[in-house]
Amino acid sequence: MLFGLPITGATITYFVLALIIIVSGVFMLTLTNVMHMAVSLVGVFLGVAGIFILLGADFVGLVQVMVYAGAITILMVFALMLTHRGLNGHLQGEVGPFRGTLTFLSVAIIVGTLLYAIRSTPWPGSTTALQPFHQSTVNLIANAIFHQYTVAFELVSAVLTVALVGAAVIARKEE
Amino acid sequence: MAEDKQADKVASSETVEKAAPEKTAKAAPAKAAKAPAPPDPRVEQAKQQGEAIKVAIEQKLGAGTVEEVIASKEVPILRIASAKWREAITFLRDDPEQRFDYIELFAGTDYKDYIEVVLYLHAMSRGTYISVKTRTPREQAVLPSLAPVFPGVNWEEREVFDLLGVTFEGHPDLRRIMMWDGWNGHPLRKDYSEFENMPQRGGEPRG
Amino acid sequence: MSTSLRTEEMILNVGPQHPSTHGVFRLVVTLDGEQIIDADPVVGYLHRGTEKLAEGLQYTQIIPYTDRLDYLAAMLNNYALVHTVEYALDLEIPARAEYLRVIVMELNRIASHLLFLGTYLLDLGAMSPFLYVFQERERIVQLFNEICGARLTYNYMRVGGVKWDAPPGWIEKVRDFIPFMREKVKMYDKLISGNEIFLHRVRGIGVITKEDALQYSLSGINLRSTGIAFDLRKNRPYSLYNQFEFDVVTGKNGDCFDRYYLHLEEIRQSLRIVEQAVAQIPEGPVLGKVPKLIRVPAGEYYRSIEGARGELGVYIVSDGKDKPYRLKLRRPSFVNLQILRKLLIGQSMANLIAILGAVDIVLGEVDA
Amino acid sequence: MFSWQTQPLTWMHFLGMLIGAVIVLFLVLFIVMYTIYFERKVIGWMQNRIGPNRVGPFGLLQSAADVFKLLLKEDIIPANADRPMFLIAPIIAFVPSFMVLAVIPYTATHIFTAGLNVGVLYYIALSSISIVGIVLGGWASNNKYSLVGGLRSAAQMISYEIPLGLSILGVIMLAGSLNLNTIVTHQATDRFGWYIIPQIIGFVVFVIAAIAELNRTPFDLPEAESELVAGYFTEYTGFRFAFYMLAEYVYVFAISALGTTLFLGGWEGPFLPSWLWFAIKTSAFIFFLFWVRATMPRIRIDQLMGFAWKVLIPVALFNILLTGALSLIL
């Protein structure tokens with residue numbers, strides 16, 4: 001028994017993933033080289049994807065890997081490489097004591113609120129047997145997107161297209 | 001055989017004599033001395049051709065532009081005053097009568113008293129070719145550059161600058177080409193000594 | 001992209017040790033993204049001072065030094081030197097010697113062009129042709145090995161003739177080689193000339209205009225690819241070239257494809273010359289009457305031949321001694337390479353190798 | 001069968017999983033070594049050469065000797081390289097290449113295969129992580145050739161992942177599943193036979209995109225020797241170089257296995273045992289990749305990108321449209 005949980009593969013995997021996410025997150029925040037930070041972010045994304053898969057959302061987990069750990073990271077790394085900062089830059093700037101204290105306080109408040117919310121929520125039975133790999137999550141998601149929420153889905157895609165075009169227009173500036 | 005000995009004599013008496021006067025006697029072999037041959041028709045013809053070009057050049061650029069007309073075998077050789085060097089070559093290229101539009105050879109020679117730069121020009125449309133040359137003193141070896149008019153002599157002039165030490169005025173990019181920048185002296189000059197001018201390791205000139 | 005985006009220039013050193021510079025050649029390229037905004041070729045890494053060394057050597061002793069210039073076409077270099085000396089002396093060359101010279105020179109041209117095909121395709125990323133061409137080249141090199149005992153630095157020509165007569169059966173071997181090579185050229189034509197990717201990489205790339213070609217004193221295939229039919233074998237015949245039937249092939253567009261294709265065509269023309277020479281070769285001596293110590297009469301002499309890469313000339317200033325007063329080598333690679341900067345500026349980085357490869361240089365010759 | 005999620009994890013179970021993984025790892029290493037040998041022999045024959053024939057009978061141990069040599073070599077880290085990145089990049093590139101093999105159904109019995117419901121997606125998702133390793137390797141080397149190689153490979157692989165994914169979509173539509181096992185069993189019973197027949201357009205797009213994903217000739221721009229020396233791994237030596245090399249060849253095997261599974265009926269076939277069918281089809285696929293390598297010159301980078309966006313993606317989209325329309329009509 002570990003924290004009141006049975007030692008199954010899922011438990012161990014969960015703790016390993018949690019550790020990866022936390023460690024990567026800490027690295028992400030403390031490293032000074034932007035490139036190193038980007039790579040730490042990959043660890044966070046992968047860990048989150050692992051948690052998704054552990055919860056039975058294998059499709060979402062793999063999309064997380066593909067889009068965030070793959071595409072978004074490459075995009076960031078690419079942008080960093082193309083700029084001068086990526087080649088030899090370190091993020092600089094000392095944080096003053098006042099700002100440090102303020103940051104600590106706000107983070108502490110957020111963490112406290114979250115912990116309180118989590119502990120006080122009555123979760124459904126946590127030991128029910130999950131059979132994640134035997135339901136086809138793909139079908140469920142497809143049904144949700146293309147039957148139940150078709151209009152919303154199409155609207156979102158339209159918004160994204162507009163955003164893309166807008167980004168291109170801004171990047172081109174005035175001719 | 002005899003004919004070209006004559007030609008050699010013509011060439012030698014006018015081009016190399018100053019460079020190595022003590023050698024001319026040696027150079028004329030006994031055979032040629034025995035029978036003074038009739039003048040080489042090739043040389044005569046080439047000289048005539050050279051004279052015609054000389055007239056054309058001097059009509060345009062004034063008398064005295066062509067200092068000398070000689071020939072080596074069938075090739076007319078025109079020696080041009082160094083001040084009119086670029087003008088003369090440009091004229092030879094652009095004049096519709098001449099149209100020597102292709103530079104075959106660009107060479108420099110150190111003659112101990114002066115440095116000579118030689119060009120072989122070819123006229124693509126007519127298939128004829130001539131040689132033009134000019135001289136510059138050794139100590140103050142300066143010539144107008146042809147590179148702005150003929151981009152193809154850019155490196156050749158750099159090579160002559162590097163190995164013979166002729167400065168080409170108006171050259172867009174006059175740097176050493178074969179030797180590295182720290183090299184001392186100009187290796188193709190006759191008085192160059194590799195022992196005096198040996199650079200230190202790393203390319204720094206000595207002393 | 002509009003120019004309002006601020007970009008940074010990058011300076012890239014291509015070489016001196018780089019797989020595609022074919023020797024120690026350095027190209028300092030200034031890049032804006034993938035676009036070349038300046039290119040500065042730096043040569044001289046292989047400079048051995050051949051011209052200076054020659055001033056201390058007798059004429060026959062210089063011949064081995066010429067082998068080291070364009071080491072892919074050493075026979076032609078040999079010939080350029082001995083031809084100029086012979087021209088200065090007005091020597092009569094025995095007919096058999098001249099025929100042998102033409103045969104080995106054209107074979108050497110074929111070998112050199114073959115190697116161009118191989119390395120050019122290798123530069124463009126196709127590795128197989130490189131290994132194919134070495135097989136035909138090997139046959140030529142074997143022929144040379146039999147006639148002069150060397151595979152690369154031949155030292156075969158002499159003032160007044162050639163060093164050795166062809167061994168028995170050699171001429172027949174050359175005769176057998178011609179149809180074999182013809183088949184292979186056909187094969188290369190099929191294999192390479194129609195390849196869509198290859199065409200996309202070389203068509204319209206590195207275009208040289210007629211005016212530029214003349215201004216930059218280009219010669220050889222670089223000149224002929226622009227459409228100017230200037231081949232010293234035809235325009236100023238030396239040796240026996242006025243006795244043979246062959247065509248001067250020219251390109252139309254002056255792009256990399258034309259330069260590639262002319263190499264193939266020139267192999268065909270060289271085969272025609274070799275075929276005629278092999279059929280006509282007479283018996284007889286291979287070395288004329290030449291004095292023991294060759295003294296070139298005082299004067300200056302310039303003769304040029306059609307080398308594998310262009311006009312290969314030798315300029316001799318003699319003061320009548322047994323050593324040249326000044327020997328200047330007109331190296332086609334050196335002169336042709338000058339246009340590289342003009343061709344590269346404005347091109348994308350990806351075209352650099354295609355253009356550099358097609359100019360066809362040999363660094364031994366560039367740096368002399 | 002043991003369900004690792006719900007049953008308590010004992011040491012025995014853990015050991016069982018570990019041993020299984022190690023066996024698969026060595027099996028894959030063996031396959032990769034002989035893929036390399038196969039490539040060198042095939043290209044050797046195509047180029048009138050002999051290929052490796054010195055180490056072992058017929059040179060069979062040549063690849064092993066090469067790997068050992070690389071392992072024994074000094075691990076040089078350039079002075080100005082970004083040290084931690086330089087060390088970690090080959091691993092980032094290498095690990096996913098082995099992970100993707102988990103979903104490939106090699107045999108009818110699924111002995112090595114994770115029956116993942118989203119197998120195709122898993123493959124595509126993980127293979128995209130390798131790009132991060134390649135880009136980082138190129139960046140960390142602090143060499144301009146490496147940097148350009150890394151940038152090129154990122155641009156190329158991202159561009160070609162799209163047609164690759166789209167070309168697979170047609171197969172998924174026919175099979176109605178992302179599970180590779182299901183796709184194979186569907187092909188056994190499909191009225192058109194293997195999906196290469198109804199999905200011929202998709203197959204062509206898949207093969208082209210696969211070659212580009214693998215960075216092989218004619219799409220080997222990231223490591224174009226004549227242009228970029230060795231591209232992103234110019235500065236790598238020893239076993240870090242071997243990591244990149246192995247990753248490349250594992251992907252050759254993996255993408256051939258994926259192509260076999262999706263289009264050539266996987267392990268399905270008469271008479272012979274299923275694993276042998278799988279081996280034959282995959283070998284044929286690999287052979288095709290090598291054949292292309294020996295034949296083609298390299299495409300130029302702008303042409304490469306243009307080809308992906310202007311030709312492959314429209315064709316793949318058209319294929320999806322066609323597949324949808326046909327499956328509604330028929």
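All values below were derived from every heavy atom in this structure, side-chain atoms included, with hydrogens, water molecules and symmetry-related copies excluded. Just so we're on the same page: letters track the sequence lines, and every chain starts at 1.
- Side chains of B/Val75 and C/Tyr302 form no contact here, defined as non-hydrogen atoms less than 4.5 Å apart.
- Neither the backbone nor the side chain of C/Arg48 comes within less than 4.5 Å of any heavy atom in chain B.
- Counting heavy atoms from C-beta on, the side chains of C/Asp40 and B/Arg175 come closer than 4.5 Å.
- Other residues, nucleotides and ligands place no more than 12 heavy atoms under 6.0 Å from the CD atom of B/Gln45.
- Contacts between B/Val153 and chain C at a heavy-atom distance below 4.5 Å involve the backbone alone (N, CA, C, O).
- A side-chain donor-acceptor contact under 3.5 Å links B/Lys73 to the backbone of C/Ala88.
- Heavy-atom pairs under 4.5 Å with chain C peak, among B/Arg93, B/Glu159, B/Met179, at B/Glu159.
- Between C/Tyr87 and B/Ser72, the shortest heavy-atom distance links the atoms OH-O, 4.1 Å.
- Proximity to chain C (any heavy atom under 4.5 Å) is restricted, for B/Tyr129, to the side chain, taken from C-beta onward.
- The interface of residues 333-344 of chain C with chain B, defined by heavy-atom distances below 4.5 Å, comprises C/Phe334, C/Val335, C/Leu337, C/Gln338.
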Worked verdict on C/Arg326 versus B/Leu188 for side-chain contact (heavy atoms from CB on, under 4.5 Å): CA-CA 9 Å; C/Arg326 165 91 168 102; B/Leu188 272 182; 3.4 Å; yes
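- Contacts between C/Leu329 and chain B at a heavy-atom distance below 4.5 Å are absent for every atom of the residue.
- In this structure, the separation between OG on C/Ser217 and CG on B/Leu121 is 9.5 Å, given to the nearest 0.5 Å.
- Atom CG of residue C/Asn235 and atom CE of residue B/Met124 lie 7.5 Å apart, to the nearest 0.5 angstrom.
- Contact annotation: the side chain of C/Pro41 approaches that of B/Trp155 to within less than 4.5 Å [non-hydrogen atoms, C-beta and beyond].
- Between B/Glu116 and C/Glu300 the shortest side-chain heavy-atom distance falls below 4.5 Å.
- Taking both residues in full, the closest heavy atoms of B/Met178 and C/Asp367 are given as SD-O, 3.5 Å, listed atom of the first, atom of the second, then distance.
- The closest side-chain heavy-atom distance from C/Val43 to B/Arg158 is not below 4.5 Å.
- Here the shortest heavy-atom pairing between B/Val149 and C/Gln215 reads O-NE2, 3.8 Å.
- Between C/Tyr325 and B/Tyr111, the ring planes are parallel. Angles under 30° get that label, and only those over 60° would be called perpendicular.
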Verdict with reasoning, B/Tyr102 to C/Glu311, per side-chain contact (heavy atoms from CB on, under 4.5 Å): CA-CA 12 Å; B/Tyr102 181 72; C/Glu311 179 174 343; 3.8 Å; yes
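- Atom OG of residue C/Ser304 and atom NE2 of residue B/His122 lie 9.5 Å apart, to the nearest 0.5 angstrom.
- Residues B/Tyr120 and C/Arg330 are not in side-chain contact: their nearest non-hydrogen atoms beyond the backbone lie 4.5 Å or more apart.
- In this structure, no portion of C/Glu92 lies under 4.5 Å from any heavy atom of chain B.
- Atoms OG1 and CZ, on B/Thr128 and C/Arg236 in that order, are 9.5 Å from each other to the nearest 0.5 Å.
- When all heavy atoms of C/Glu55 and B/Lys190 are compared, the closest pair comes out as OE1-NZ, 3.0 Å.
- In this structure, CZ on B/Arg42 lies 4.5 Å from CG on C/Asp90, to the nearest 0.5 angstrom.
- A 6.0 Å sphere centred on NZ of B/Lys60 holds no more than 12 heavy atoms belonging to other residues, nucleotides or ligands.
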